[in-house]
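A note on names: the letters A, B, ... follow the listed sequences, proteins ahead of strands, and every chain is numbered from 1.
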4 protein chains.
Amino acid sequence: MSKRDLIIAAAVKVFAEKGFCNSKVRDVAQQAGIADGTIYIYFKSKDDLLISLFETKMDHIYSHFVERLRPLKNPVEKLKVFLETYFNMIREDRELAEVFQVELRQSSKFLKDYHNQKFIDYLNIIGDVINEAKMQGFFRDELNTNFLKVFIFGAIDEMARQWILDREDKLDINLMAREAYDMILKGLVIP
Amino acid sequence: MSKRDLIIAAAVKVFAEKGFCNSKVRDVAQQAGIADGTIYIYFKSKDDLLISLFETKMDHIYSHFVERLRPLKNPVEKLKVFLETYFNMIREDRELAEVFQVELRQSSKFLKDYHNQKFIDYLNIIGDVINEAKMQGFFRDELNTNFLKVFIFGAIDEMARQWILDREDKLDINLMAREAYDMILKGLVIP
Amino acid sequence: MSKRDLIIAAAVKVFAEKGFCNSKVRDVAQQAGIADGTIYIYFKSKDDLLISLFETKMDHIYSHFVERLRPLKNPVEKLKVFLETYFNMIREDRELAEVFQVELRQSSKFLKDYHNQKFIDYLNIIGDVINEAKMQGFFRDELNTNFLKVFIFGAIDEMARQWILDREDKLDINLMAREAYDMILKGLVIP
Amino acid sequence: MSKRDLIIAAAVKVFAEKGFCNSKVRDVAQQAGIADGTIYIYFKSKDDLLISLFETKMDHIYSHFVERLRPLKNPVEKLKVFLETYFNMIREDRELAEVFQVELRQSSKFLKDYHNQKFIDYLNIIGDVINEAKMQGFFRDELNTNFLKVFIFGAIDEMARQWILDREDKLDINLMAREAYDMILKGLVIP
DNA sequence: AATGAATGAGATTTCATTCAT
DNA sequence: CATGAATGAAATCTCATTCAT
């Protein structure tokens, strides 16, 4: 692992635990087992470390989704794979998910001059899958596409957050993925 | 308005704009039109100001929900009123909603020794309405109650966030409330 | 003395002793008997402290020269009074003179966005006296006015520097002023 | 050019532009096209680089003056050649002159344990020429030798500085040398 | 000899908090 | 109660210097 990646990994761990604002550059350095100053060889500032963390990880996530979804044609299949992939990724790197859940949300507000294009691209993947499924007649025609997208994203994101913040490991994320899929497909209420 | 409330109102505005960590006590004082030191007459510390803000506002919100929901018997009616009340409150105080959306989420992480009971109580209102509806046979029996609650809460919360962050006022929050209700009741997919 | 002036006085002492670059903000604070942070209430940065020091002192110096020279008509008289005033001021505040001799010279080079107008105004006082004397036929007509001004300014400035840097107090500054006047008026060589 | 000389040349350029304190060792290394660490093979520290720069250059300057002045007997001739040599050297290496003008002046203040003997020797050359001329009856007998020396040195040094800092190249240094000679020999005022 | 990544001491600056008025 | 100047601990960031390669 390159030293840059080492620092990012340490930052994910530290930011996940204490939040970006409460983390000290020194915390990250200690977590990485390097000197404080070394971080400034690879990143211009603490803010730049967070942004770089976002962009680097987003690139991976984005590619991963694209790779998994590209071979699929059936929109229902895509939706299923999307949900699986989403929850799997959360499971594979819980700390990263924690940073994204909390810090990414407010990044646009607090990081000057940072227009979070990578995150927008990522959200569009989800949006595209849902849009596509809707256009192929899978979702109810009366629904506003934009609200539908937000509704689904919010629902699964909150489920993911529950698991992320569940420090006692009571929750089964695979089960959650299946339930989410079931709720989306079969609806919530008895018809 | 008492000076305490004045400070809380100023804090809501400032924290909404810049986030808690990036806000200075001086910013809040200036927004309130008072001296820095005055804040320390009413609050023990900056952290205490945030916690007090949460608790004070939570009390209002909690009472408001209880008041609206108490007279109702029909769980479907309750669900509808709950959604209406939820989106109305967001609309009535966008800045407060913004603070809650972002800061409340991470509050457990950086506020030492603060177990956010008021927020848990508030979530339980939502949970109770949903549980009640489920137990009365309104929601599908196969669904895990805990996941259902989280799914719905996440969905509407994300819709609310879209409106909160929509600086161009393109979105109609009343429409969003109706759509959310529709999605929950009629499901997303064509049966 | 205002706290601002107290800090400037401390800065003069510290900068004179160690030079601006080698002086720490903490040194100035300790010299002033205040906390480090207090300096930042009155000055934006260490650079700003130096610039403010220049401007504040320059204003005094400028006014002082103008006051002394205004009532005079005779250019020779002006020149004499100018020289007296110049050396007197150096004697009255040796440390300030030291800062000006060394730090002011390089300030334009190292302080970003600082065009040292006050120093230019001050130099013009000397220049004007010399120009005036020249135009009234006091100095030799063949001499280039600009070079003449620089020649005289350099000569007296170097004499002042000798005294400033003379830590053993062997030199008599009043005598130096008289000698300078004599050299200028009677020339250096035997006619 | 040896690597040591290469580094000194780079240092002259960098120090002239930004001043010693504001120059980073890295700047010098980049200017020289070498690695940071290489500088430490040839010089013990950043301070040592400045001192070595002074001493090396001083040796050249000293030898140069001695060489030019040794064959001459007539003190007036010596004075003339001295002035010519002085201004020529300034012209030949403007950046070096810039470093000497500013950094040499304050070197005693921030370089620990450095008694700048080479500079004193160099000043003595000027002093000796002037003293000699004075003793041979060229300068007025009433003048204090020490002040005379300082007066002349300051005058020509300031003239040199004007040219060094004249970024628009409006000044003619050869003309300045002649004028200085004229002012010294013929005096400033109309007899 | 040359490199340049890494170090870490130390500098500037910030800001929550106090307290004399 | 209210003020806001003052504090000083602590944070970010810099950079001269080292040393394994």
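- Ranking E:dT3, F:dT12, F:dA6 by closeness to the D:I34 side chain, first place goes to E:dT3.
- Checked by atom type, the side-chain pair C:S52/C:R4 shows no donor-acceptor distance below 3.5 Å.
- Among the protein residues, B:Y42 comes within range of the sugar-phosphate backbone only, with heavy atoms under 4.0 Å from sugar or phosphate atoms but none that close to a base.
- One finds the CD1 atom of B:I90 at 10.5 Å from the CD atom of B:E98 (value rounded to the nearest 0.5 Å).
- Between D:K44 and B:A35, the residue anchored nearer the 5' end of DNA chain F, judged by the nucleotide with its closest heavy atom, is B:A35.
- Closest to the C:S45 side chain, of the nucleotides E:dA2, F:dT12, E:dT13, is E:dT13.
- In terms of position on DNA chain F, the residue among D:G37 and C:K3 whose nearest nucleotide sits closer to the 5' end is C:K3.
- The side chain of C:I41 lies closest to F:dA5, out of E:dA11, E:dA2, F:dA5.
- Shown are B:Y122, B:F119, B:F100; of these, the ring-ring contact (aromatic ring centres under 6.0 Å, His included) with B:F54 is made only by B:F100.
- Distance from the side chain of B:V25 is smallest for E:dT17 among the nucleotides E:dA6, F:dA11, E:dT17.
- Taking atom OH on B:Y40 and atom C1' on F:dC1, their separation rounds to 17 Å, with Å as the unit.
- Side-chain contact between D:K3 and D:Y42: present, with at least one pair of heavy atoms (C-beta onward) separated by less than 4.5 Å.
- If you check E:dT21 for Watson-Crick or wobble pairing at under 3.5 angstrom, you find it paired to F:dA2.
- Both B:K24 and A:R26 sit near DNA chain E, but only A:R26 has its closest nucleotide nearer the 5' end.
- Of the nucleotides present, E:dT12 is the one that pairs with F:dA11 by Watson-Crick or G-U wobble criteria, both distances under 3.5 Å.
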